[in-house]
Each structure stands twice: as structure tokens, then as C-alpha cells.
Amino acid sequence: MRLDKYLAHAGYGTRTEVKQLIKKGLVSVNGEIILKEDKKIDEALDEILLEGSLTNYRQYVYLMLHKPDGVISSNYDPYHKTTKSLLVGYEAFQTFPVGRLDIDTEGLLIVTNDGLLAHQLLSPRYHVEKTYYVEFEGDYKQIYQSLFETGITLDDGYLCMPSKIEKLEGNKAYLTIKEGKFHQVKRMFQSLDMKVTYLKRVTFGPIKLDETLKKGSFRELTLEEVNLLRASCNKPI
Ligand code: URA
């Protein structure tokens with residue numbers, strides 16, 4: 001791998017930034033200062049130091065973002081703030097959100113550059129459960145419980161997979177679904193003449209939103225959390 005690519009992937013800056021570090025003579029490979037950004041290195045064997053400190057290469061990063069209202073689940077948008085822009089310090093990694101939350105939906109968004117895991121987590125074959133906290137307007141009838149459990153038909157005729165609803169006091173509930181159709185939760189409530197007024201994702205598979213994370217902030221998933229995520233999608237249904 002090229003030295004500049006290695007340093008960028010390891011999180012030491014963008015390609016342009018790490019090239020500057022190399023040009024300034026701050027990077028050594030096996031004890032020798034290297035000024036050529038395209039120097040080929042072996043990330044498993046070579047000792048690469050930046051300003052005298054050992055660098056730590058990681059191919060993949062796994063982040064948990066507490067997405068706030070008003071932010072688009074995307075890497076680029078000409079009009080709105082993006083989730084990518086919140087991930088300060090991780091610009092060098094080519095991350096993307098695992099699925100999308102609507103601009104006005106808050107809560108747990110997993111962000112990674114591990115394409116295979118993301119693909120599996122989103123694949124309908126693995127039925128990864130997501131739980132949403134929902135506030136709504138309208139009349140919640142007792143019979144809706146069994147409708148959510150058997151499967152709600154959306155406005156376009158799509159029959160949703162069975163879901164679980166836990167009705168709370170007032171016009172509030174937790175809804176757990178196994179798929180991720182466009183505006184799915186809002187449309188499920190709409191099909192029963194109710195309107196979602198606030199939506200927050202609180203779990204994604206085995207991962208719970210860390211409530212100590214303020215809206216707009218993020219942290220890396222722990223190794224245990226990453227392993228739980230992997231395990232949640234290694235058995236297709
Ligand atoms: N369902 C919705 O309606 N919106 C979201 O953002 C997520 C699930």
C-alpha cells in the first residue's frame with residue numbers, strides 16, 4: 001500500500017494533509033525518514049512512525065451517531081447539514097451511514113466503512129430489528145396491537161412484515177420493525193389514521209443508542225458491540 005494511503009486510512013488526515021506530513025519529513029518507515037508519498041509499505045510488517053510515535057492502522061471504523069433533527073443521513077447534500085459533517089476526526093475514512101433516517105428523525109445511526117457488514121445489516125434476508133420511539137397524533141385503538149403484529153398494509157399496497165408495538169401512556173409507543181422501507185414507521189401509523197409527530201430510533205439490532213451521547217455527537221462502537229452486530233447477521237432467515 002502507498003504510504004499516503006496508509007496514513008489517511010489510519011485516520012491521520014485527508015490524503016492532502018498526510019502528503020504534507022510526509023513532505024515535512026515527519027514520517028519514518030523502519031527508522032528511515034521518507035519524503036515520497038507513494039513509497040510502498042507493508043502495513044503488517046513495517047514500523048511506521050509519525051513524529052516519533054507508532055502509527056496504528058485500521059481498515060474499518062464503526063461509529064454510533066446520535067443523529068439530530070435537521071441533518072441528512074448522507075455524505076453530501078447541497079442544501080442541508082449532513083451526518084458526514086458531524087464525524088469530525090474521521091474524514092479520512094470513507095464512511096457511510098448504514099441505512100437512512102429521515103431528516104426529522106433523531107436517534108441511532110450506525111456509520112462505517114465496512115461495506116460487507118453494512119450490506120448484511122440492511123439486507124432483508126437478515127431481518128435485523130430496529131426499535132423506534134414514536135409520538136403521534138390520532139386515536140390509538142386497542143385492536144391496532146394485533147394489526148401491527150400481523151402486518152400493516154401501506155398506502156402503496158405493500159404488506160409490512162409483522163412488527164411489535166409497545167403502547168406507552170398518552171400518544172407514545174415503541175415500535176420494532178424488521179425492515180426499512182421508505183418512511184416506513186410514519187406510513188404504518190398513517191395507514192391507521194395516525195400521524196407521527198416525533199420519531200427517534202433507539203436500537204439497531206443488538207445495539208442500543210448510548211443515551212450519554214448528546215444529539216449530534218458520536219463515539220466508536222466497542223469491540224463487543226461490533227461483534228454483536230456481526231453475530232446479528234450471520235444467520236440469514
Ligand atoms: N421510518 C420512518 O418513517 N422514518 C425514519 O426515519 C425511519 C423509519
Side-chain angles (χ1 to χ4, degrees), residues 63-77 79-87 95-112 117-140 144-145 147-168 171-211 213-218 229 232-233:
L63 308 173
M64 163 192 300
L65 170 68
H66 187 161
K67 180 192 165 304
D69 179 16
V71 173
I72 292 258
S73 305
S74 171
N75 284 352
Y76 171 77
D77 188 275
Y79 306 110
H80 301 99
K81 195 168 180 156
T82 62
T83 49
K84 179 91 178 172
S85 73
L86 298 173
L87 305 174
T95 58
F96 47 85
V98 180
R100 285 165 179 254
L101 292 175
D102 296 338
I103 187 164
D104 56 352
T105 300
E106 297 185 344
L108 175 57
L109 191 67
I110 306 279
V111 181
T112 184
L117 182 63
H119 170 75
Q120 291 178 332
L121 289 169
L122 294 174
S123 162
R125 293 174 70 215
Y126 294 94
H127 296 180
V128 174
E129 290 192 335
K130 294 129 230 168
T131 300
Y132 293 85
Y133 167 74
V134 190
E135 294 181 6
F136 56 92
E137 284 170 355
D139 194 11
Y140 183 92
Y144 291 168
Q145 177 96 20
L147 292 181
F148 277 106
E149 280 166 14
T150 46
I152 301 234
T153 304
L154 300 182
D155 45 3
D156 59 359
Y158 176 78
L159 175 64
C160 296
M161 289 168 62
S163 59
K164 281 180 261 172
I165 186 131
E166 182 193 341
K167 175 74 174 53
L168 307 171
N171 278 13
K172 295 171 186 161
Y174 284 111
L175 178 66
T176 302
I177 58 175
K178 293 184 201 162
E179 48 196 343
K181 300 279 170 222
F182 186 58
H183 296 329
Q184 181 156 349
V185 175
K186 291 173 184 164
R187 288 163 70 209
M188 287 168 86
F189 274 75
Q190 199 180 45
S191 297
L192 301 171
D193 286 331
M194 295 179 290
K195 184 178 186 314
V196 171
T197 53
Y198 176 76
L199 192 58
K200 176 179 179 181
R201 183 154 68 194
V202 292
T203 73
F204 188 102
I207 307 300
K208 284 195 174 62
L209 176 65
D210 181 340
E211 289 291 348
L213 277 183
K214 295 206 178 78
K215 285 180 202 175
S217 58
F218 70 97
L229 262 187
S232 73
C233 57

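Read the numbers this way: they start at 1 and go in the same order the structure lists the ligands and their atoms. Sequence positions, counted from 1, serve as the residue numbers for this chain.
Considering backbone and side-chain atoms alike, Asp102 places an N or O below 3.5 Å from some N or O of ligand 1. Residue Arg100 has no nitrogen or oxygen atom sitting less than 3.5 Å from a nitrogen or oxygen atom of ligand 1, judged on distance alone. Taking distance alone, with nitrogen or oxygen atoms compared against 3.5 Å, Tyr132 stays at or beyond that limit from ligand 1.
A 6.0 Å sphere centred on NZ of Lys215 holds no more than 12 heavy atoms belonging to other residues, nucleotides or ligands.
With 3.5 Å as the limit, one finds a donor-acceptor pair spanning the side chains of Tyr158 and Glu179.
Annotation for ligand 1: atoms under 4.0 Å from non-hydrogen atoms of Thr105 are 4 (N), 5 (C), 6 (O).
Under 4.0 angstrom from ligand 1, the non-hydrogen atoms of Leu199 all belong to its side chain.
For Asp104 and Lys186, the salt-bridge test passes: some basic side-chain N is under 4.0 Å from an acidic carboxylate O. Taking 4.0 Å as the cut-off between side-chain N and carboxylate O, Glu211 and Lys200 count as a salt-bridged pair.
Counting heavy atoms from C-beta outward, Tyr198 and Lys172 have side chains that stay 4.5 Å or more apart.
When only non-hydrogen protein atoms are considered, atom 1 (N) of ligand 1 lies nearest to Val185 N, 3.1 Å.
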